[in-house]
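Keep in mind that what you see is a predicted model, and the values were worked out from it rather than measured.
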Amino acid sequence: MLYVGIDLGTSAVKMLLMQTNGKIEKIVSREYPLIFPHSGWSEQKPEDWWDAVQSGLVELLDGCDKSQVAGISFGGQMHGLVILDAEDNVIRPAILWNDGRTTKETDYLNEVIGKDKLSRYTANIAFAGFTAPKILWVKNNEPENFAKIAKIMLPKDYIAYMLSGTFCTDVSDASGMLLFDVEHKCWSKEMMEICDVKESQLAQIFESYEVVGNLKPELATKFGLSDQVKIIAGAGDNAAAAVGTGTVGDGRCNISLGTSGTIFISSEKFGVDKFNALHSFAHADGHYHLMGCMLSAASCNKWWMEEIINTKDFAGEQKGIEKLGENEVFFLPYLMGERSPINDPLARSCFLGMSMNTTRTDMTQAILEGVAFAIRDSLEVARSLGIKIERSKICGGGAKSPLWKKMIANILNIKIDVIESEEGPGYGGAILAAVGCGEYASVEEAAEKLVKVVDTVEPEAELVEKYEKQYRKFKKIYPALKEVFHYND
């Protein structure tokens, strides 16, 4: 049989077709625009996502035996606010995960409602990118739109709704809304009251591998598929990427270098970081996970390459980087503010340590190292909780760089396992589709059989020591500049 994984990303949707044995037959990608109405704001039109998915599916399925397509599932950008009216019209552009407009609403939730209550209700505190502060922002700033809301959705769930007609979400994606009781896997009545939201406006909750419905008959005809094709709930992009890299079960780790950057630690038991610097979410395997998320990871490198030095030769720019652990230039990777572990939407990026001897290569190196240092910040929180991480899988666009993987292995001082497929969320979505269709008994069984490690990057003692000194310097930069970032607040 064949299974479709749809990765609804921030810059593009990537769709793949997977055989039962895990082999990827075909990959199709469709880009769509990002909208930045004001500094720190980030929006997209859900209609653009749907157009991209439809045209992409037509191309993806062209030439395959369509009678073999059994299921479709998802990985998708998290936290985005999609609101529909009673006629299922999109009310306004989606406010995305990396949008920083909700400072006042986030402060209200954390300081007036209180972090202790939020953590008790949802296992998390408020971050500017989460969905609940966005709902409050719409209520406070666009009351006419707030009054029209009939359905509140997350990005991938809008696509699932368009495909199946089922108003649904999954436990991993719902965990990032700050409306979800993660421990008990249900909507929080307290948070609904705080956000002035009715349960009827919120989706039905599924485990990530559960079937939510079948493909609509009219779409089955359009795509040449059976109307018995199952639509499976899917997962937030990080949980889906974890499935796609085999990061399921207890105590496993995955690092994702996509538009955002994450360190994802799976757990069979529910647990909360007492400082709430890491997110405590439900996992797509039916269990739980802790996650540190930085808002700008591979997007920092993309910004530097394409917007600043005007090149798309990413690999070429990295060829001259040789003296690892000795760079005098540092980069703070907070282009869109930052989430874990500092939770500061007003933080911004900067280069530090430049001199007349500084080269373009030094600055490129600083970008890559800065992202790795910021990922280590979250790893250090996990280590402070007694969690021992000795190795990690890696995925995302940045994982295609051998140099970046080497930096991460040595900056974090862990082994980095490279898997056969670097398709992360899309591959995880296809695996969830296979599980939902009964091809495998569990997500763990599917991951064990389908995910293959093909290489391991080992840390080098001398380089680890050099980067340890560099990291100590990096750690001092944000505290020194925080007052500057907040000067006009």
Problem - Lys/Arg-Asp/Glu bridge criterion (N-O < 4.0 Å) met for K312, E306 - result: yes
Problem - Minimum side-chain heavy-atom gap R383-I389 below 4.5 Å - result: no
Problem - Ionic contact status for K139 with E105, cut-off 4.0 Å - result: no
Problem - Student check: side-chain heavy atoms of L450 and M18 closer than 4.5 Å - result: yes
Handout entry: Residues forming a side-chain hydrogen bond (donor to acceptor under 3.5 Å, both in side chains) with S256, sequence neighbours excluded
Key = none
Exercise for the section: For the pair E468 and R376, find out whether any cationic side-chain nitrogen is under 4.0 Å from an anionic carboxylate oxygen. Expected result: yes
Exercise for the section: Determine, stepwise, if the pair V4 / L57 fulfils side chain to side chain contact (heavy atoms under 4.5 Å, CB included). Expected result: CA-CA 9 Å; V4 176; L57 279 174; 4.0 Å; yes
Practice task
Examine distances only and state if a side-chain atom of S340 and a backbone atom of L278 form a donor-acceptor pair shorter than 3.5 Å.
Solution key: no
Practice task
Hey, could you give me the CG/CE distance between L84 and M153, rounded to the nearest 0.5 Å?
Solution key: 5.0 Å
Problem - Contact check, side chains of N413 and P459, non-hydrogen atoms, under 4.5 Å - result: yes
Fill in the blank from the handout: OG1 (T131) and CD1 (I95) are apart, to the nearest 0.5 Å, by 10.0 Å
Completion exercise
Heavy atoms of V182 and T122 approach each other most closely as CG2-O, 3.2 Å
Exercise for the section: Inspect the contact between K405 and D455 and indicate whether a charged nitrogen and a carboxylate oxygen are less than 4.0 angstrom apart. Expected result: no
Practice task
Would you please classify the geometry between the W41 ring and the W137 ring as parallel, tilted or perpendicular, with 30° and 60° separating the classes?
Solution key: perpendicular
Practice task
Classify the ring geometry between F351 and W303 as parallel (under 30°), tilted (30 to 60°) or perpendicular (over 60°).
Solution key: parallel
Problem - D173 and K156 ion-paired at < 4.0 Å - result: yes
Exercise for the section: Scan side-chain atoms only and decide if D250 and H287 contain a donor-acceptor pair under the 3.5 Å cut-off. Expected result: no
Exercise for the section: Answer yes when R252 and E444 have at least one side-chain N-carboxylate O distance shorter than 4.0 Å, and no when they do not. Expected result: no
Practice task
Sort and list the pairs that fulfil ring pair (Phe, Tyr, Trp, His ring centres under 6.0 Å) and have at least one residue in residues 241-266, not counting sequence neighbours.
Solution key: F264-H283, F264-H289
Handout entry: K26 atom NZ, neighbour heavy-atom count above 12 within 6.0 Å
Key = yes
Handout entry: Polar side chain donor-acceptor pair, E328 to S355, under 3.5 angstrom
Key = no
Exercise for the section: Evaluate whether atom NZ of K302 has more than 12 neighbouring non-hydrogen atoms of other residues, nucleotides or ligands under 6.0 angstrom away. Expected result: no
Practice task
Could you tell me whether a side-chain N or O of E43 sits under 3.5 Å from a main-chain N or O of A94, the two making a donor and an acceptor?
Solution key: no
Handout entry: Q365 side chain near L324 side chain, heavy-atom distance below 4.5 Å
Key = yes
Problem - Short side-chain to backbone donor-acceptor contact, K393 and T245, under 3.5 Å - result: yes
Exercise for the section: Apply side-chain hydrogen bond (donor to acceptor under 3.5 Å, both in side chains) to the pair D99 and H79, showing each step before the final yes or no. Expected result: CA-CA 10 Å; D99 186 286; H79 315 301; over 6 Å; no
Exercise for the section: Taking the side chain as every heavy atom from C-beta outward, state whether I321 and L368 have any pair of such atoms under 4.5 Å apart. Expected result: yes
Problem - CD (E448) with more than 12 external heavy atoms under 6.0 Å - result: no
Problem - side chain to side chain contact (heavy atoms under 4.5 Å, CB included) assessment of S188 paired with F180 - result: CA-CA 5 Å; S188 164; F180 189 68; over 6 Å; no
Exercise for the section: State, with a plain yes or no, whether a side-chain heavy atom of F74 is found less than 4.5 Å away from one of L163. Expected result: yes
Practice task
For S73 and G5, indicate whether the former's side chain and the latter's backbone hold a donor-acceptor pair under 3.5 Å.
Solution key: no
Exercise for the section: First locate atom CG of L179, then atom OG1 of T169, and finally report the distance between them rounded to the nearest 0.5 Å. Expected result: 10.5 Å
Handout entry: Euclidean distance, I232 CD1 relative to I431 CD1, rounded to 0.5 Å
Key = 13.0 Å
Handout entry: Spatial distance of atom CG (L335) from atom CG (N98) [nearest 0.5 Å]
Key = 10.5 Å
Practice task
Using a cut-off of 6.0 Å, state whether more than 12 heavy atoms not belonging to E465 lie near its atom CD.
Solution key: no
Practice task
Begin with the C-alpha distance, continue with both residues' side-chain angles, and end with the deciding distance and a verdict on ring-ring contact (aromatic ring centres under 6.0 Å, His included) for F127 and H279.
Solution key: CA-CA 10 Å; F127 289 78; H279 307 326; 4.8 Å; yes
Exercise for the section: Mind telling me whether F270 and Y288 have parallel, tilted or perpendicular rings, with 30° and 60° as the class edges? Expected result: perpendicular
Exercise for the section: For S401 and Q318, run side-chain hydrogen bond (donor to acceptor under 3.5 Å, both in side chains): C-alpha distance rounded to whole Å, both residues' side-chain angles, the deciding distance at 0.1 Å, then the answer. Expected result: CA-CA 9 Å; S401 166; Q318 294 180 21; 2.7 Å; yes
Practice task
Heavy atoms only: give me the nearest S119-V272 pair and the separation to one decimal.
Solution key: OG-CG1, 3.9 Å
Exercise for the section: Taking the side chain as every heavy atom from C-beta outward, state whether K466 and K323 have any pair of such atoms under 4.5 Å apart. Expected result: no
Practice task
Decide whether S172 and D170 meet the rule of one side-chain donor and one side-chain acceptor closer than 3.5 Å.
Solution key: yes
Exercise for the section: Output yes when E59 and R30 qualify as a salt bridge under the 4.0 Å nitrogen-oxygen rule, no when they do not. Expected result: yes
Practice task
Determine the minimum heavy-atom distance between I263 and S378, stating which atoms define it.
Solution key: CG2-CB, 3.6 Å
Handout entry: salt bridge (charged side-chain N to carboxylate O under 4.0 Å, His left out) pairs, two or more places apart, involving residues 259-270
Key = none
Exercise for the section: Step through the shown structure and confirm whether more than 12 heavy atoms of other residues, nucleotides or ligands are within 6.0 Å of CZ on F275. Expected result: no
Practice task
Determine the minimum heavy-atom distance between G246 and V451, stating which atoms define it.
Solution key: N-CG2, 3.7 Å
Completion exercise
Between F373 and the options F474, F331, Y334, the ring pair (Phe, Tyr, Trp, His ring centres under 6.0 Å) test singles out F474
Exercise for the section: Begin with the C-alpha distance, continue with both residues' side-chain angles, and end with the deciding distance and a verdict on side chain to side chain contact (heavy atoms under 4.5 Å, CB included) for Y427 and I419. Expected result: CA-CA 12 Å; Y427 195 55; I419 58 172; 5.9 Å; no
Practice task
Report the distance from atom CG of N327 to atom CG of D362, rounding to the nearest 0.5 Å.
Solution key: 5.0 Å
Exercise for the section: Work out which heavy atom in A430 is nearest to a heavy atom in Y3; give both atom names and the distance. Expected result: O-CB, 3.8 Å
Practice task
Tell me, yes or no, whether the heavy-atom count around E142 atom CD, taken from other residues, nucleotides or ligands under 6.0 Å, exceeds 12.
Solution key: yes
Practice task
State, yes or no, whether a side-chain contact exists between F281 and N124 at a heavy-atom distance under 4.5 Å.
Solution key: yes
Practice task
Could you walk me through whether K14 and E423 pass the side chain to side chain contact (heavy atoms under 4.5 Å, CB included) test, one step at a time?
Solution key: CA-CA 9 Å; K14 185 181 287 187; E423 295 304 326; 3.1 Å; yes
Practice task
Could you pull out the closest heavy-atom pair between L295 and S299, with the gap in Å?
Solution key: O-OG, 4.3 Å
